[in-house]
Amino acid sequence: MCNSSAPPVLLWFKRDLRVADHPALAAAGPYVLPVYIIEPEYWALPDTSARQWMFTAEALQSLRSELARLGQPLIIRKGEAVHELSRLCMTNGITRMISHEETGNAWTFARDKRVASWAAANGVSWEELPQCGVVRRLPTRDAWQRLRNSFMRQPLQDSPAALAPLTQEISTLERLPDARALSMASDLCAHRQDGSHRAAALALETFLSSRGARYRVAMSSPVSAERACSRLSPYLALGVLSVRQVEQARRAARLHHHGDAGWHAALNSFAKRLAWRDHFIQKLEDEPSLEYRCLHPAHEKLRPRESDAARLRAWELGETGIPFVDACMRYLQATGWLNFRMRAMLMSFASYHLWLDWRSTGPILARMFTDYEPGIHWSQVQMQSGTTGINTIRIYNPVKQGHDQDSTGTFIRRWVPELNTVPIAHLHTPWTWNDGAARLQARYPAPIVDLAQASAYARETLWSLRKQAGFQTVARAVAHKHASRAHTSDRSSAQATRAARRKRTDPDQLAFDL
DNA sequence: AGTGCAGTTGACTTT
DNA sequence: TAAAGTCAACTGCAC
């Protein structure tokens, strides 16, 4: 198996830190040099954070031991990608590199272009294979769903039985740097998820066997979502699990729970979310400027580009004076995760009530998410800010959301302990608590905006922008390029009526337009 | 028993 | 998986 005359294939691990269902590893063959590069410049970006790095480091430790078990440990380097790759290729006579297509932020996109041009100029071939439903150079959105589904149905890639140990000695970082060594701001995140493969497998197993039973009804409230949601997002973001592994495990679970209506609803709902995941990442793949420009350009000057520093800070710290908003923000800060609906509410509150530009709030949320996935993140940030031009304006009322999702107030009391003396009748709106509001204000701020006034201003401004000449023409072009085709295909009127009725009653159908 | 009425519910529209 | 408003149908109750 060991062939010392031919050079190995360099397998560049990026956001695919696993050995199972790993198309690039399978394609590389047994004589492989597995490499991960810690890029300090990436970890200095405004949308990356120490919690993401610590999670990544745990995933890397797992990957390193799995590869070692297969016979060839992971080589870990720290530095600039072109520099490290060219050194590894030059000193080992490597002419073939392989990795997965990555739909990342603007920085990783630019880095990949540098790597590609270096490779082309130096006689190194670099293959990039898909590892999820995202299609590179997709000509039109029309056939996407079919392509994605057929990818998910393909059998999982076998992980190799063994790798051929390299004959040459190649230096590797033994100890992974901590966040401080990467010059990252300290980031406690006391309840962060664990990045190891063992933790990922456990989350998948417990979700599909028990935790997910009430997924469909429990996902909306931050109280129940913590347990009932899959919690697979950070593992999918880093590729500790492949989305195909998860999708196929879901299918198997559907058979296992056959006949159970709750499980049936849960697993169907989960399948939709896995598909939406690829759908949004596809958008960033097709339109990288999604990260820094409004999808509909008429919104560019809607909000001041320089954000109000006091408002931004109050929002980031969970000190806005709106209990449910602050509880959600502090929970996110402490756990690195928040359920979808509450993420939408936080973003909506920042963009509409606080009138902050998404380019100042987006990176703050990105850093707090252990599961930061650029394609999902920037699509959602723009949707919840109303800047896509093609989605209906959804301005969440954080008091109503609080009543709906935390009616007993346990979530608020846990995460905003300053409020623990406030009776439940006033917990969601402590400014209405006549007896104690004055005393309370020494510990907890009055609302930094008038909710009704702020949302009315946002609503009127956004809707009047939409009525301006030319707005809808541009909006249609955006929809043609990006919108899901799920509800727009030609249908008989009976089917259309059925679909409309379903739309009203099934939250999945309305969950994430665009 | 039937009527009037306030209040609720649900479908639908507007912003 | 928005919220607020409109409208019509319905409900429960007093008389």
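Per chain, numbering begins at 1; letters A, B, ... match sequence-line order.
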**Asked** Could you give all pairs that pass the ring-ring contact (aromatic ring centres under 6.0 Å, His included) test and reach residues 230-255 of chain A, with sequence neighbours left out?
**Response**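 Counting only pairs at least two positions apart or across chains, the ring-ring contact (aromatic ring centres under 6.0 Å, His included) contacts touching residues 230-255 of chain A are A:Phe55-A:Tyr235.
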
For [X] and [N], what is the distance between atoms [atom1] and [atom2] respectively, to the nearest whole Å?
X	N	atom1	atom2	answer
A:Asn397	C:dG5	CG	C1'	15 Å
A:Leu451	C:dA4	CG	C1'	15 Å
A:Ile393	B:dT14	CD1	C1'	13 Å
A:Arg466	B:dT15	CZ	C1'	10 Å
A:Tyr352	C:dA4	OH	P	15 Å
A:Ile395	B:dT15	CD1	P	14 Å
A:Gln405	C:dA2	CD	P	11 Å
A:Gln472	B:dT15	CD	P	14 Å

**Message:** Could you work out, with side chain to side chain donor-acceptor pair (under 3.5 Å) as the rule, every residue matching A:Gln282, not counting sequence neighbours?
**Reply:**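 Scan of A:Gln282 (side chain to side chain donor-acceptor pair (under 3.5 Å), adjacent residues dropped) gives A:Trp144, A:Asp286.
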
**Item:** Proximal nucleotide (of C:dA3, C:dT1, C:dA2) relative to the A:Met219 side chain
**Value:**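 So the side chain of A:Met219 is nearest to C:dT1.
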
**Request:** Could you tell me which residues satisfy ring-ring contact (aromatic ring centres under 6.0 Å, His included) with A:His197, sequence neighbours excluded, listed by chain and number?
**Result:**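 Testing A:His197 for ring-ring contact (aromatic ring centres under 6.0 Å, His included), a comparison that skips the adjacent residues, returns none.
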
**Request:** Mind checking ring-ring contact (aromatic ring centres under 6.0 Å, His included) for A:His482 and listing every partner two or more places apart, or none if nothing turns up?
**Result:**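 A:His482 satisfies ring-ring contact (aromatic ring centres under 6.0 Å, His included) with no other residue.
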
**Item:** Short side-chain N/O contact to C:dA3 OP1/OP2 from A:Arg394, under 4.0 Å
**Value:**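 The answer is no; no side-chain N or O of A:Arg394 sits under 4.0 Å from OP1 or OP2.
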
**Contact under 4.0 Å: A:Gln401 side-chain N or O vs C:dA3 OP1/OP2** =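 For C:dA3, OP1 or OP2 has a side-chain N or O of A:Gln401 closer than 4.0 Å.
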
**Message:** Are there over 12 heavy-atom neighbours, none belonging to A:Phe109, within less than 6.0 Å of that residue's CZ?
**Reply:**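 No - once you tally the heavy atoms of other residues, nucleotides and ligands closer than 6.0 Å, there are 12 at most.
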
**Request:** Using the test salt bridge (Lys or Arg N to Asp or Glu O under 4.0 Å), find all partners of A:Asp450 that sit at least two apart in sequence or belong to another chain.
**Result:**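 With neighbours one apart ignored, the set is empty.
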
**Request:** Would you jot down, in residue-number order, the residues of residues 454-464 of chain A having a non-hydrogen atom under 4.0 Å from DNA chain B?
**Result:**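 Close to the strand are A:Arg459, A:Trp463.
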
**Request:** Identify the two heavy atoms, one from A:Gln405 and one from A:Val223, that lie closest to each other, and give their separation to 0.1 Å.
**Result:**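 Nearest pair, atom of A:Gln405 first, then A:Val223: O-CG2, 4.2 Å.
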
